[in-house]
Asker: 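I'd like to ask you about the structure that follows.
In each ligand, atom 1 is the first atom listed, and ligand 1 is the first ligand listed. Computed from a predicted model, the values in this text were never measured in an experiment.
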Amino acid sequence: MAFDRVPLVAGNWKMYKTSGEGAVLIQDLALLVTEAWDQVEIAVCPPFTALKAVSTVIELDKLKMRLGAQDCFWEEEGAYTGAISPRMLKELRCDYVIVGHSERREYFGETNETVNKKVRAVFAGGMRPIMCCGESAEIHDGGGTETFVRAQVREGLAGLDPGQAAGLVIAYEPIWAIGTGHTPIPEKANDVARTIRATIGAMYGPPAAMSCRILYGGSVKPENAHHFFAEPDIDGALVGGAALNADSFAGIVNAAR
Ligand code: PGA
């Protein structure tokens, strides 16, 4: 982690937690992270149906935590059955939207092109995207990681202005590390993070590259988090499974202090 970037630890709850369960989790979590939240930006990304309940707890209990959604559509409104727009998320006080998670790419047909539309819509809606990228085991084993991730970044993040690029959050999540208990060695993850930063630099200039935050994601646990956070180009984590439990998520947050 570099000193001039505020670390971000974001929990991706995926399709877990009803609104009632989500409200309990955020309250339990708050008790464990109050000492960290001046140093670490903490975000939780519940399912759409739990956003309102979690948002209300954050507001009423004056928690220094940010709210994020896990996806959105790129249009502001219209006849798009089942879709949720950035405007709807902003109204619920979301600050972040995860875009292009590998599960969305795999099960819901997202491409770099649709990811790009969503990234731009999230900025236009006054929030920030957490754009996910990362290679499959096959690409990793074939040595194609950097080329693949660079293309995801170039295409997924095209057409921004440098100010927006400076506010980007990019999560590097090797698909083979998500939910598997396997992780890359932290130096290797940092190599990819550095490539991502260099790609942003080539697209939007060095100030944007130095300001944007790059998270590592994939089987982050309290036991391994500090190894990733010790790397200079890794500015935090996107956490799945371990974000569903207040103790383990707090352990990761506290490792980022
Ligand atoms: P995991 O998921 O922490 O359960 O591996 C990370 C993610 O998919 O964002």
Asker: Could you tell me, atom by atom, which parts of ligand 1 come under 4.0 Å of a heavy atom of S219?
Answerer: 1 (P), 3 (O), 5 (O)
Asker: Quick one: which ligand 1 atoms are inside 4.0 Å of a heavy atom on L238?
Answerer: 9 (O)
Asker: Starting from atom 4 (O) of ligand 1, what is the nearest protein heavy atom, named by residue and atom, and what distance separates them?
Answerer: G241 N, 2.8 Å
Asker: Given 3.5 Å as the limit, does a donor-acceptor pair link the side chain of D161 with the main chain of G163, or not?
Answerer: yes
Asker: Counting distance only, does the side-chain N/O of R128 pair as donor-acceptor with the main-chain N or O of G167 below 3.5 Å?
Answerer: yes
Asker: What atoms of ligand 1 come within less than 4.0 Å of a heavy atom belonging to G218?
Answerer: 5 (O)
Asker: Can you check whether E103 has an N/O within less than 3.5 Å of an N/O in ligand 1?
Answerer: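 Not met; the criterion fails.
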Asker: May I ask you to list the atoms of ligand 1 that are less than 4.0 angstrom from any heavy atom of K14?
Answerer: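 Atoms satisfying the 4.0 Å criterion: 2 (O), 7 (C), 8 (O).
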Asker: State whether the side chain of D233 and the backbone N or O of A193 hold a donor-acceptor pair below 3.5 Å, judged by distance alone.
Answerer: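 Not confirmed, D233 side chain does not pair with A193 backbone.
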Asker: Checking E76 side chain against S85 main chain: does a donor-acceptor pair fall under 3.5 Å?
Answerer: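 It does not hold such a pair.
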Asker: Hey, which atoms in ligand 1 end up nearer than 4.0 Å to a heavy atom of H101?
Answerer: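 Taking each heavy atom of H101 in turn, ligand 1 has 7 (C), 8 (O), 9 (O) under 4.0 Å.
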Asker: Less than 3.5 Å apart, any donor N or O on the side chain of W176 or E135 sitting next to an acceptor on the other?
Answerer: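 There is such a pair between these side chains.
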Asker: Classify the side-chain pair N112/R154 by whether it contains a donor and acceptor separated by less than 3.5 Å.
Answerer: no
Asker: Do me a favour and list the nearest non-hydrogen protein atom to atom 7 (C) of ligand 1 with residue, atom name and distance?
Answerer: E173 OE2, 3.2 Å
Asker: Run through R66, K64, R257 and flag the one making a salt bridge (Lys or Arg N to Asp or Glu O under 4.0 Å) with E41.
Answerer: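 Only match with E41 under salt bridge (Lys or Arg N to Asp or Glu O under 4.0 Å): R66.
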Asker: Give me the residue, atom name and distance of the protein heavy atom closest to atom 3 (O) of ligand 1.
Answerer: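 The closest one turns out to be G240 N, 2.8 Å.
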Asker: Mind telling me whether F228 and Y216 have parallel, tilted or perpendicular rings, with 30° and 60° as the class edges?
Answerer: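 Answer is parallel, since the angle falls under 30°.
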Asker: Record the part of I178 in heavy-atom contact with ligand 1 below 4.0 Å; permitted values are side chain, backbone, both and neither.
Answerer: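 Both of them.
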Asker: In ligand 1, which numbered atoms sit nearer than 4.0 Å to a non-hydrogen atom of N12?
Answerer: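 With N12 as reference, the close atoms of ligand 1 come out as 9 (O).
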Asker: Could you establish whether G179 and ligand 1 come within less than 4.0 Å of each other, counting only heavy atoms on the residue side?
Answerer: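 In this structure, G179 qualifies as a contact of ligand 1 - some heavy atom is under 4.0 Å.
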